[in-house]
Amino acid sequence: VILSIGGTNTGSIVGVANDIVTNAQFGWIQTGGAVCVLNDAGTVVVGDAVSASNATAGAIETQVAGQPFLGRALTGIAANERGVIWLDLD
């Protein structure tokens, strides 16, 4: 599933892959619950709503108006670090 290329969404967000999945492979896509994600820039605070990053492919950022809601932060996440969100796509 291609969620974004260079931060540009190419379709509906359907979940978070737990590893890199190429077009020649198959894998699992998580649609709900606690999941580890990469934060692109800025600080995400516990409880913040998050959306897919519009700058970094495969990353999240604090919710941006007009972008799909992914879930809420369960941990604080510094820029360019990984943290846990409660994914709410299902």
Side-chain angles (χ1 to χ4, degrees):
V1 174
I2 299 173
L3 296 182
S4 61
I5 299 172
T8 302
N9 292 335
T10 59
S12 297
I13 296 173
V14 297
V16 173
N18 62 359
D19 203 351
I20 297 170
V21 181
T22 70
N23 64 349
Q25 300 173 319
F26 66 93
W28 296 104
I29 305 292
Q30 186 170 340
T31 60
V35 64
C36 183
V37 293
L38 173 67
N39 177 30
D40 75 339
T43 300
V44 174
V45 178
V46 173
D48 277 358
V50 297
S51 58
S53 170
N54 55 11
T56 304
I60 59 102
E61 63 187 350
T62 302
Q63 178 75 46
V64 175
Q67 289 183 235
F69 170 79
L70 295 180
R72 295 206 174 270
L74 294 178
T75 63
I77 314 171
N80 302 309
E81 296 291 335
R82 296 185 189 329
V84 180
I85 67 167
W86 187 263
L87 188 62
D88 193 15
L89 295 176
D90 51 2

Kindly list each side-chain donor-acceptor pair under 3.5 angstrom involving residues 79-90, sequence neighbours excluded, with atom names and distances?
| from | atom 1 | to | atom 2 | distance (Å) |
| --- | --- | --- | --- | --- |
| D90 | OD2 | T31 | OG1 | 3.4 |

Using a 3.5 Å cut-off and no angle test, enumerate the donor-acceptor pairs between side-chain atoms of residues 15-22 and protein atoms at least two apart in sequence or in another chain.
| from | atom 1 | to | atom 2 | distance (Å) |
| --- | --- | --- | --- | --- |
| T22 | OG1 | A24 | N | 3.3 |
| T22 | OG1 | Q25 | OE1 | 3.4 |

Listing, residues 32-44 side-chain donor-acceptor contacts under 3.5 Å, not counting sequence neighbours, or none:
| from | atom 1 | to | atom 2 | distance (Å) |
| --- | --- | --- | --- | --- |
| N39 | ND2 | G42 | O | 2.7 |
| N39 | ND2 | I77 | O | 3.1 |
| N39 | ND2 | A78 | O | 3.3 |
| D40 | OD2 | S53 | OG | 2.5 |

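The distance from the CG atom of L70 to the CD1 atom of I13 is 4.5 Å, given to the nearest 0.5 Å. Atom CG of residue L74 and atom CG of residue D48 lie 11.5 Å apart, to the nearest 0.5 angstrom.
Residue pairs that meet the side-chain hydrogen bond (donor to acceptor under 3.5 Å, both in side chains) test with at least one member in residues 57-66, sequence neighbours left out, do not exist here.
The heavy-atom pair separating P68 from S51 by the smallest distance is O-CB, 3.2 Å.
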